[in-house]
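These numbers come from a predicted model, not from an experiment. When reading the values below, keep in mind they use all heavy atoms of this one structure, side chains included, and skip hydrogens, waters and symmetry mates.
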Amino acid sequence: MDELVNDIMGKKQSSNSYKNNTNTKWKEEQSRKRQQAFSKMEKMSFVVKTNGEMFQKYLDIQSRFNRNSVGNCLIILTDKPNAMQFKDKKSWKELNVNVKAYNEPFTILEPEEKNGRRYFNPKDVFDISQTDSNIPDYKDTHTEEELLAGYLYDCKAEKEVVNKLLDDSIGIKYDSETNKLYICRGMEKTDRFQALGNELANIELRADEENHYKDFKCKCISYMLCKKYNIDVSNYDFTDLPSELQFKDNGTDIRKELDTIRLAYNSINDRIQERFEKGFNSEKNRSTKVQER
């Protein structure tokens, strides 16, 4: 009877009204999370453009999560800088992995194309460190020879192995006029991969004007590749960031500059990964058969 009276008096909420209220609250919560994520992204954009230490930490994150946007990596830098692998709770559950109790998610933005427009939906995710899963060793395990083959795979320049460069130094140098990459024999592992990463970046950015800003971008890409493939990076220094980045006064423009670095890095890294996926067993087997003969 009380329910009937309440319904007559307009105090009972209809199921449609309840659904509408619930949907409204959900949309409001999504809007709040979206604005909060954009705010974090914007604030961190202005931090990394002047703070060398934070800029280097951003590069660390972008090298790990290269498929994520610059904006999402800036959010990760804000909320979970040591993240190694993240998924939403449902995705972890599908892998029979449980998120630990009382662990708070961090929110990234997931792009979606709808009716010719692009939207960014907030998505709550948890790092693997917040789950009951064992944390795997993420270090690259390829041999030096395999990694070198990956770096050089499908290179966009002609390659020539030499004893010395034209200035009598030992190193690696890209000549844009001849589109030729000169590689010296006998280099130490760290020097070889740092220099090679730098010159591969130079090839990717060959349309850019030759100046210190391009050199800076190449250094960033070389650093990210070394970080990705477990090459020593202790001698990289990002204390003095270029004025071309520091003087940007718009967050979107800052992120566009960082995205040019990300895209060039991805282009190189994709080729390395493609070479790894092709495998090295066939080459090793052919080499073994030749030796047996």
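In summary, E146 and R275 do not engage in a salt bridge, as defined by a charged side-chain N under 4.0 Å from a carboxylate O. A salt bridge links E110 with K123; the closest basic N to acidic carboxylate O contact falls under 4.0 Å. A salt bridge links E29 and R32; the closest N-O separation between the charged side-chain nitrogens and carboxylate oxygens is under 4.0 Å. Electrostatic pairing of D124 and K33 counts as a salt bridge here, judged by a charged N lying under 4.0 Å from a carboxylate O. For K40 and D79, the salt-bridge test passes: some basic side-chain N is under 4.0 Å from an acidic carboxylate O. Between D270 and R67 a salt bridge is recorded (basic side-chain N to carboxylate O distance below 4.0 Å). Salt bridge present: R262 and D259 bring a charged side-chain N and a carboxylate O closer than 4.0 Å. Look at R117 and E113 and you find no salt bridge, because none of the NZ, NE, NH1 or NH2 atoms lies under 4.0 Å from a carboxylate O. Ion pairing between a basic and an acidic side chain is recognised when a charged N comes within 4.0 Å of a carboxylate O; E257 and K217 show such pairing. Between K214 and E210, at least one side-chain N (NZ, or NE/NH1/NH2) sits under 4.0 Å from a carboxylate O, which counts as a salt bridge.
Other residues, nucleotides and ligands contribute at most 12 non-hydrogen atoms within 6.0 Å of the CG atom of D240. Summarising the local packing, CG of N235 is surrounded by more than 12 heavy atoms from other residues, nucleotides or ligands at distances under 6.0 Å. Applying the 6.0 Å contact sphere to NZ of K159 captures more than 12 heavy atoms from other residues, nucleotides or ligands. Around the CG atom of L166, the shell of radius 6.0 Å holds no more than 12 heavy atoms that belong to other residues, nucleotides or ligands.
Listed here is the closest heavy atom pair of T190 and D232: CG2-O, 3.8 Å. Nearest heavy atoms, V233 versus Q194: CA-NE2, 4.4 Å. A pairwise comparison of heavy atoms in S63 and Y265 identifies O-OH, 3.0 Å as the closest pair.
For Q130 (side chain) and K100 (main-chain N/O), no donor-acceptor pair under 3.5 Å exists by modelled atom type. With hydrogens and angles disregarded, no donor-acceptor distance shorter than 3.5 Å links the side chain of W92 to the backbone of V99. In terms of modelled atom types and a separation under 3.5 Å, the side chain of K49 and the main chain of K248 share a donor-acceptor contact. Panel note: side chain D127, backbone M84; a donor-acceptor pair is recorded below 3.5 Å.
At least one side-chain heavy atom of K189 sits less than 4.5 Å from a side-chain heavy atom of I231. Counting only heavy atoms from C-beta outward, the side chains of K156 and R271 approach each other to under 4.5 Å. Residues Y153 and I272 form no side-chain contact, since every pair of their non-hydrogen atoms from C-beta on lies 4.5 Å or further apart. Within the 4.5 Å cutoff, side-chain heavy atoms of N72 are placed close to those of S69. Inter-residue side-chain proximity for I172 and R192 is flagged as met; some heavy-atom pair is nearer than 4.5 Å. Using a 4.5 Å cut-off on side-chain heavy atoms (C-beta onward), D60 and M224 make no contact. Within the 4.5 Å cutoff, no side-chain heavy atoms of Q36 are placed close to those of P122.
Note: the hydrophobic cluster containing L77 does not contain F126 (ILVMFWY, side chain heavy atoms under 4.5 Å, direct or indirect links). At a threshold of 4.5 Å between side-chain heavy atoms, the hydrophobic network of Ile, Leu, Val, Met, Phe, Trp and Tyr places V162 and I170 in two separate groups. In the hydrophobic cluster analysis, where Ile, Leu, Val, Met, Phe, Trp and Tyr join through side-chain heavy atoms closer than 4.5 angstrom, L59 is grouped together with L245. Grouping the Ile, Leu, Val, Met, Phe, Trp and Tyr side chains by contacts below 4.5 angstrom, directly or via other members, places I76 with F46. Cluster membership check: L200 does not share its hydrophobic cluster with V161, using side-chain heavy-atom separations under 4.5 Å among Ile, Leu, Val, Met, Phe, Trp and Tyr.
For Y151 and F193, the ring centers sit closer than 6.0 Å to each other. Aromatic ring centres of F55 and F216: separated by under 6.0 Å. Ring centers of F106 and F86: under 6.0 Å apart, within the cut-off. Separation of the H142 and F276 ring centroids falls under the 6.0 Å cut-off.
Checking N98 against D132 by side-chain atom types alone, a donor-acceptor pair falls below 3.5 Å. Of the N and O atoms on the side chains of N179 and Y174, at least one donor lies less than 3.5 Å from an acceptor on the other residue. Between R255 and S45, the side chains place a donor N or O and an acceptor N or O closer than 3.5 Å (distance only, hydrogens not considered). Residues Y223 and Q56 bring a donor and an acceptor atom of their side chains to less than 3.5 Å of each other. Side-chain contact annotation: N51 with Y58, donor-acceptor N/O pair under 3.5 Å absent.
F238 carries K219 over the face of its six-membered ring, with the cationic atom under 6.0 Å from the centre and within 45° of the normal.
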>> Before you tell me yes or no, could you show the steps for I75 and T107 under side chain to side chain contact (heavy atoms under 4.5 Å, CB included), namely the whole-Å CA-CA distance, both residues' side-chain angles and the distance that decides it to 0.1 Å?
In response: CA-CA 8 Å; I75 292 172; T107 303; over 6 Å; no

> Given V125 and K80, is the side chain to side chain contact (heavy atoms under 4.5 Å, CB included) satisfied, shown in steps?
Replying inline: CA-CA 11 Å; V125 294; K80 204 73 176 175; over 6 Å; no

>> Set out, in order, the CA-CA distance, both residues' side-chain angles and the distance that settles side chain to side chain contact (heavy atoms under 4.5 Å, CB included) for D208 and Y213, then state yes or no.
In response: CA-CA 9 Å; D208 289 14; Y213 191 37; over 6 Å; no

